[in-house]
> 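Before I ask anything, here is the structure I am working with.
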Amino acid sequence: MGKSEALFERAKKVLPGGVNSPVRAFNAVGGAPRFIASAEREFMTDADGKTYLDYVGSWGPMLLGHRDPAVEAAVLEAVRGGLSFGAATEREVEMAELMCRMVPGLEMVRMVNSGTEAVMSALRLARGATGRDKIIKFTGCYHGHSDGMLVKAGSGLLTNGTPDSSGVTAGAAADTLLAEYNDLASVRARFEAEPGAVAAVIVEPVAANMGVVPPEPGFLEGLRALCDEFGALLIFDEVITGFRLAPGGAVERFGVRPDLTVFGKIIGGGMPVGAYGGSRSLMEHVSPVGPVYQAGTLSGNPVAMAAGLAMLWQLEGNRALYEGIEAKAARLAAGLREAIPGVTVNQIGSLLCVFFTEGPVRTYADARRSDTARYGRYFRHMLDRGIYLAPAQFEAMFLGACHTDEDVDRTIEAAKAFRG
Ligand SMILES: *Cc1c(COP(=O)(O)O)cnc(C)c1O
């Protein structure tokens, strides 16, 4: 038995399923999960000393690769200044200023500790600001694990075959209305069914938890118009797309302005961070200025802020970096399309997904037609060749600045040998 397997046996005794987040388990693809000992640039090394080319990138934060020197140095420096004070610090101001400078329309932010927490808080703010209760979300979009968002959520839940979670009250679920991604008529129908009741529409501007499904032209614009028509707020969940699709995220890339934006993943550079923000007038509903209560002992943590700042400083105005990654992602997508018969490869920016179905994949229903057993065989084939993909069909491949043309070629060659 290898070390990963031995660790997994031990882990299963003290951690549910042997993991601290279900997407890390290999339930959807079979086998024991790899326990990672260390990582460097675009590579991860497991407990048995086997090195993998990493296309998960910690599910998004590692846009600059593992152990980015500037991020590492900033973290070490912050650590020496003290881990947490429970009081305001300069780095929090710098972080908020930087985010507001980079994201069009963003005027104020509140830092929290995870994407889940940021979504939960943004929804409370939307309800507080509008005096309405209902939220429209899209089937197959994932917004973290707060109760109201676990109503047919995508990603881990989708893969585990449990369309909603036990433990979520009927009351919480009843306040969430489901619409179909890339289907404006379904959104209008929800609004018309409950006129005056909808506080907000929340959407991943690029759906990246049902595989990767980009918005069709006009979809995000249509959401903006519907929200305006019905007096609801538009919330972009940019936990994946923020600072990834462009320095200003999806807001910049698509030119559609949401009322609130939610961030996570990249803004922590690998540390646990989330944030939500919007216009000053909306954000001033949040405590201590306004009546929407939201707090956090470790929010704006100095080490996390140091990591995020070091990350974002390298991204600000760095078009060349984004163009470089996108070119590699496009070449990888084209190569994989040719290498594996009968697949559909969606790609936008540094995100891509190989769906094991004839295309096109433009909706959640299309994505669900994927042959997940075949994905599992593909995953194991690639893992055997030292390529670490997401251990589930309905996840993105994340490229970063460290991935090279040689990495892309090697990945395409490995995929060509797949006969499953
Ligand atoms: C990962 C993710 C979240 C949840 O963030 P956590 O930090 O895991 O709580 C929310 N929304 C989207 C779009 C995500 O991809």
> What do the steps show when you test V256 against F236 for side chain to side chain contact (heavy atoms under 4.5 Å, CB included), and what is the final call?
CA-CA 10 Å; V256 174; F236 275 6; 4.0 Å; yes
> Taking the six-membered ring for Trp, are the ring centroids of Y364 and Y181 within less than 6.0 Å of each other?
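For Y364 and Y181, the ring centres are not under 6.0 Å apart.
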> Please check: side-chain N/O of S287 versus main-chain N/O of Q294, any donor-acceptor pairing under 3.5 Å?
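At least one qualifying donor-acceptor pair exists.
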> Would you tell me whether R110 and S121 have side-chain atoms, one donor and one acceptor, within less than 3.5 Å of each other?
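No, S121 and R110 have no side-chain donor paired with an acceptor closer than 3.5 Å.
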> Is it the case that over 12 heavy atoms from other parts of the model lie below 6.0 angstrom from the NE2 atom of H66?
yes
> With a 3.5 Å cut-off and no angle check, do the side chains of S350 and Y322 form a donor-acceptor pair?
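No, because no side-chain N or O of S350 sits under 3.5 Å from a partner of the opposite role on Y322.
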> To the closest 0.5 Å, what do you measure between CE (M102) and CH2 (W313)?
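Between M102 CE and W313 CH2, I get 12.0 Å after rounding to 0.5 Å.
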> Charged N to carboxylate O below 4.0 Å: is that the case for R224 and D228?
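D228 and R224: salt-bridged.
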> Please name the pair of heavy atoms, one in T89 and one in E92, separated by the smallest distance, quoted to 0.1 Å.
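Nearest heavy atoms, T89 then E92: OG1-OE2, 2.6 Å.
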> Is K134 paired with D175 through a side-chain N to carboxylate O contact shorter than 4.0 Å?
yes
> Less than 4.0 angstrom from a charged side-chain N to a carboxylate O is my criterion; do R331 and D409 meet it?
yes
> Go through it in stages, so that I can follow the logic: the residues are T51 and T45, the test is side-chain hydrogen bond (donor to acceptor under 3.5 Å, both in side chains), and I'd like the CA-CA distance, side-chain angles, deciding distance and then a yes or no.
CA-CA 4 Å; T51 294; T45 302; 3.0 Å; yes
> Quick one: do the R385 and H381 side chains pair a donor with an acceptor below 3.5 Å?
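The criterion, which ignores hydrogens and geometry beyond distance, is satisfied for H381 and R385.
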> In Å, rounded to the nearest 0.5 Å, how long is the span from CD of Q393 to CZ of R374?
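CZ of R374 is found 10.5 Å from CD of Q393.
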> Quick one: do D183 and R362 make a salt bridge, cutoff under 4.0 Å?
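No.
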> Which is it for Y375 and F355 under the ring-ring contact (aromatic ring centres under 6.0 Å, His included) test, yes or no, and what are the steps along the way?
CA-CA 8 Å; Y375 181 84; F355 291 99; 9.5 Å; no
> Between R410 and E42 (salt bridge meaning N to carboxylate O under 4.0 Å), is one present in this structure?
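No.
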> Between E9 and K12, is there a salt bridge with N-O shorter than 4.0 Å?
yes
> Would E180 and T139 count as a side-chain hydrogen bond (donor to acceptor under 3.5 Å, both in side chains) here? Give the steps.
CA-CA 6 Å; E180 299 307 317; T139 312; 3.2 Å; yes
> Salt-bridged, R188 to E229, with N to O below 4.0 Å?
yes
> Under 3.5 Å, side chain of T363 to main-chain N/O of D366, donor-acceptor pair present?
yes
> Can you tell me which residue among R244, H403, M62 is in a side-chain contact (heavy atoms from CB on, under 4.5 Å) with F398?
R244
> Strictly distance-based, threshold 3.5 Å: is any side-chain N or O of H143 a donor or acceptor partner for the main-chain N or O of G148?
no
> Between F219 and F138 (judged by ring centroids, cut-off 6.0 Å), do the two rings come close enough to count as a pair?
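Yes, the ring centres sit under 6.0 Å apart.
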> So does A32 get a backbone contact from the side chain of R34, meaning a donor-acceptor N/O pair under 3.5 Å?
yes
> So, the side chain of D259 versus the backbone of L234: is there a donor-acceptor pair under 3.5 Å, distance only?
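Yes, because the side chain of D259 sits within donor-acceptor range (under 3.5 Å) of the backbone of L234.
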> Would you compute the distance between atom CD1 of I387 and atom CG of L53 and round it to the nearest 0.5 angstrom?
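One finds 5.5 Å between CD1 of I387 and CG of L53.
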> Checking R132 side chain against G231 main chain: does a donor-acceptor pair fall under 3.5 Å?
yes
> Would you call the rings of Y378 and F356 parallel, tilted or perpendicular, taking 30° and 60° as the class edges?
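It falls in the tilted class, 30° to 60°.
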> Could you state the interatomic distance from OH (Y142) to CD (E395), rounded to the nearest 0.5 Å?
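The distance works out to 9.5 Å.
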> Is there a donor-acceptor pair under 3.5 Å between the side chain of T404 and the backbone N or O of D407?
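Indeed, once roles are kept as given, a pair shorter than 3.5 Å links the two residues.
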> Only one of I348, L352, I240 forms a side-chain contact (heavy atoms from CB on, under 4.5 Å) with V212, so which one is it?
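Exactly one pass, corresponding to I348.
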> Would you compute the distance between atom OG1 of T261 and atom CD1 of I235 and round it to the nearest 0.5 angstrom?
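T261 OG1 to I235 CD1: 9.0 Å, rounded to 0.5 Å.
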> Is it the case that the ring center of F43 lies less than 6.0 angstrom away from the ring center of Y388?
no
> Using a distance-only test with no angle check, is there a side-chain donor-acceptor pair under 3.5 angstrom linking S281 and S279?
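Judged by distance alone, the side chains do pair up.
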> Return the NZ to CE distance between K50 and M44, rounded to the nearest 0.5 Å.
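Rounded to the nearest 0.5 Å, the NZ-CE separation comes to 12.0 Å.
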> Is a donor on one side and an acceptor on the other found under 3.5 Å between the side chain of S370 and the backbone of T372?
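Answer holds: no.
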